[in-house]
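Take a look at the structure set out below.
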Amino acid sequence: MPIASAQVTTQGEGAAWNPPWEFWSDLRRVAVVPVDGRSLLRSSHCLSGCRKDRHSAGDERYLRRDGKEGVLFEEAGPGAITRIWMTSSVGTGVSVAIDPSIRLRIYFDGEATARIDMPLAQLFSGQTAPFTAPLVGDRLTSSGGFFSYVPMVYQSGCRVTLEGADQTALWFQFNFHRLRSDRQLASFVGDEDLSRLRQLLAAPGVDPWLSQPDYPAGTITEETRELIPGELTPIFVAAGSGLIDSFKVDLAVSAWSAIEVVMRFDGEVTVTLPLADFFALGGVDPGAAGELPTRSLFLGLDSLDRLYSYWPMPFDSDAALWLRNGGSEVVSVTYGVRQSALPPLPDSGRFAISTNLASPTAVGAQVEVLTMPGAGKWVGLFAEIGSVDGSGGLYLEGDERIYLDGSAHPALYGTGLEDTFNAGFYFDQGPFGRALHGLEFQRQVAGPVAMEERAAAYRWMPAEGISFGNGIRVGIESGPTGTTPMYARTVAYHYRSTKPALVAVDFLDLANPASRAEHDYQTTGAAVAYSLRGFFEGEPPVALSSTGLRRPAGSSSVFTFDATGCVDGLLLRRRFDALHGGQAGEIWIDGQRVAELAGVAANPDRRWREVDLYLPPVASGQLAVEVRSAPVSKRRRFLRRRVVTDFTEFRYELWETREFSPMISRTVTLPHGAPSSGLRGLRKPLSRLHWLSRLHWRRL
């Protein structure tokens, strides 16, 4: 059955469930905030925080090696790769075609034979279905970058390898979804019906809502008004639940920056900014040679020179839009707002925009793009960025870093600012425009000290939107080492709630004897206690000193968690030492296997690491938890290869995921490293022998 339009029913659920990346069959899903999974990034960023990312000969860009193949990406459990980005060079600072001798293989669900086996360059060439335009593009169509938006779904895991790339300078990013372990998906076979996605991406600037099958006509509020300087003019008001799916404005280019739009949803003003920034146009000159005003799937300037927005904007109780004339002259404006005939989908967030201006950034400070508590989903970025004091293109060398749900290190860590926009090497092919990403302009401007560069770019993330349940922080590094002053004006599009949908429930701190005793912590195998003083990834890196355990491959640790009152899904966070890679394993609860831990990348420079796993709902009350580390592979022992077998653990945290609602009122937060004594009462005895004895592993 084609997965592109499938409604999948999860075990134990009566209602249909749609994967979070499948926005194309119903654009209302862009506003839905999932609470049972996460969109993450695997990239070639430098693990020690250095300037150069892992790409050159001798750099361990791979998670591990399988014979001649280097493993770039590996995940366990259900999920999907929704975006691949790459770029390549030969040391000249200019993008080049990918070496045709490099072989790409993608393995699904533990299979020994790759379902995708082709030259890497062929993936982006547009010549092989389903990897055809506009879902893929090469460096000439994406200003130095190669990209793919073909969703590749897997049920029990995925592995991506390269052969013949060891001597090639190659940078990469994989956006992927990690889902709750009981989600049931149809894995990629290559003949999925992606016609609707192709239609959307092939026609930026055309109303995408009207092309949806059987989409009912909405109610349009349309008028021409004279906007008086200093006045706030109402243009739309609605009571009750609803959704705005189209907002258009027709006015002179000279007034784009003078007129502000103000939006209020459910009693909260979530948008206040000039039309030029709201519609992702900024300081572009529509009449200038070599400059391309945004014309994308959701925002831009259409063929009739009207500003348009097709973001879904849901509301529960009321909505209101205004235009404010911040200039000194009367401005004539024609506007139209369409309210959909369809209601918002459950678990939708409120549409909101956050802006930030850094001119220039302070030495050592990053550009703060989005910082927000509670739950939500980040879906888009428009940015005008540039150099300061003649620093050239170094402003593009900074990585994006995204922290989620209180984690001490970035859950997503990029490789460079132009890479964020699917380009490469300082946008070396010039401006371009596509449905989900583009570069409007890159120009030289006179600065107080020297000539400076300015660029404006956008990227929308309907399929790989970054959801969070208890806070997000998005930052961009200032230059290659965070010390290069830069200019930045950023506009972050997101859906939000001020209340959390991910709530801390219990935690086990192995450095605390009382916590170990309270949770009945025990291990099989010869566990060794040791202390670690080190850092998490990120800049500046977070330091931590703590005590934990290392134990051999094939061993287990067992402990109890209190999930009293938890009725929805759970998230388990493991803190460990990433000195060595691997450390795969399984999570068992009350004798049932509920999740798998994939192997991780080694990082001897920033050894502290945390990994989050989404678990299915379990019976409320005391939980018997077992963490089994993978045994040594017999094949590797036979070949006498050195295999790192230790599995490390320092802290476990249990969080409850809740059905998202802007009106959630109960909030609980566990501080970083908080003591656990006194949180619970007495426990009932647990017998472990009957489930510790059933170590039935798949062959690894």
Side-chain angles (χ1 to χ4, degrees), residues 41-56 59 61 85 87 93 171-173 354-371 378 381 383-404 406-421 423-427 447 449-450 452-455 457 459 466 471-492 534-544 578 601 603-610:
L41 182 71
R42 155 78 176 150
S43 79
S44 56
H45 71 277
C46 177
L47 298 179
S48 65
C50 64
R51 172 176 177 176
K52 290 185 178 295
D53 296 309
R54 296 174 296 157
H55 64 276
S56 57
D59 287 349
R61 77 190 81 176
W85 167 89
T87 195
W171 293 257
F172 61 84
Q173 295 183 7
S354 295
T355 61
N356 182 65
L357 175 63
S359 180
T361 53
V363 174
Q366 67 176 5
V367 178
E368 299 292 342
V369 174
L370 175 63
T371 301
W378 180 41
L381 175 65
E384 287 195 348
I385 46 182
S387 61
V388 173
D389 297 342
S391 57
L394 290 180
Y395 69 96
L396 292 171
E397 291 282 359
D399 301 332
E400 75 272 20
R401 297 185 287 253
I402 304 171
Y403 296 80
L404 300 177
S407 180
H409 68 81
L412 298 92
Y413 204 130
T415 55
L417 194 46
E418 73 270 49
D419 310 346
T420 303
F421 300 103
F425 287 99
Y426 309 109
F427 300 111
V449 176
E452 299 174 355
E453 187 173 279
R454 291 291 184 271
R459 178 173 158 212
I466 313 300
I472 186 174
R473 184 187 179 198
V474 180
I476 298 173
E477 184 180 22
S478 296
T481 58
T483 57
T484 303
M486 62 179 289
Y487 168 86
R489 189 172 82 253
T490 62
V491 181
F535 297 94
F536 290 89
E537 286 187 22
E539 302 298 333
V542 175
L544 179 67
N603 189 346
D605 297 289
R606 306 286 173 88
R607 289 171 59 175
W608 284 116
R609 186 69 186 266
E610 292 177 337

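Values below: every heavy atom of this structure, side chains too, minus hydrogens, waters and symmetry copies.
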How long is the gap from [atom1] on [X] to [atom2] on [Y], to the nearest 0.5 Å?
| X | Y | atom1 | atom2 | value |
| --- | --- | --- | --- | --- |
| L412 | I402 | CG | CD1 | 4.5 Å |
| I472 | S354 | CD1 | OG | 10.0 Å |
| W608 | L544 | CH2 | CG | 4.5 Å |
| L396 | E418 | CG | CD | 5.0 Å |

task = Could you verify whether a donor N or O on one side chain and an acceptor N or O on the other, from Y426 and E397, lie under 3.5 Å apart?
result =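 Yes, because at least one side-chain N or O of Y426 sits under 3.5 Å from a partner of the opposite role on E397.
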request  = Using salt bridge (charged side-chain N to carboxylate O under 4.0 Å, His left out) as the criterion, list what pairs up with R489, not counting sequence neighbours.
outcome  =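 Once residues adjacent in sequence are excluded, the partners of R489 under the salt bridge (charged side-chain N to carboxylate O under 4.0 Å, His left out) criterion are D277, E384.
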ask   = With sequence neighbours left out, what residues match E477 under salt bridge (charged side-chain N to carboxylate O under 4.0 Å, His left out)?
value =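 Checked E477 against salt bridge (charged side-chain N to carboxylate O under 4.0 Å, His left out); matches are R401.
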Measure across [X] and [Y] and return the closest heavy-atom pair with its distance rounded to 0.1 Å.
| X | Y | value |
| --- | --- | --- |
| P541 | F536 | CB-O, 3.4 Å |
| A408 | E610 | N-OE1, 3.5 Å |
| F172 | R61 | CZ-O, 3.9 Å |
| T361 | P485 | OG1-CA, 3.6 Å |
| L417 | M486 | CD2-CE, 4.0 Å |
| I476 | Q366 | O-CB, 3.2 Å |

Side chain [X], main chain [Y], donor-acceptor under 3.5 Å:
| X | Y | result |
| --- | --- | --- |
| W85 | A423 | yes |
| R606 | S48 | yes |
| N603 | L47 | yes |
| S478 | A365 | yes |
| D399 | G416 | yes |

inquiry  = Using the side-chain hydrogen bond (donor to acceptor under 3.5 Å, both in side chains) criterion, which residues pair with T355? Sequence neighbours excluded.
reply    =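 Listed in chain order: nothing, the list is empty.
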inquiry  = Suppose we screen for side chain to side chain contact (heavy atoms under 4.5 Å, CB included). Which residues come up paired with E452, at least two apart in sequence or across chains?
reply    =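 Expected list: S387, V388, D389, V445, P448, R454.
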By ring pair (Phe, Tyr, Trp, His ring centres under 6.0 Å) - contacts of Y413 (at least two apart) =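 So Y413 forms a ring pair (Phe, Tyr, Trp, His ring centres under 6.0 Å) with H45.
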task = Only counting residues at least two apart or in another chain, list the ones meeting ring pair (Phe, Tyr, Trp, His ring centres under 6.0 Å) with F425.
result =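 Here the qualifying residues are W171.
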task = Taking the side chain as every heavy atom from C-beta outward, state whether Y487 and L357 have any atom pair closer than 4.5 Å.
result =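 They are in contact (side-chain heavy atoms under 4.5 Å apart), so the answer is yes.
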task = With the side chain counted from C-beta on, respond yes when L381 and F421 share a heavy-atom pair under 4.5 Å apart, and no when they do not.
result =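 Yes - at least one pair of side-chain heavy atoms lies under 4.5 Å apart.
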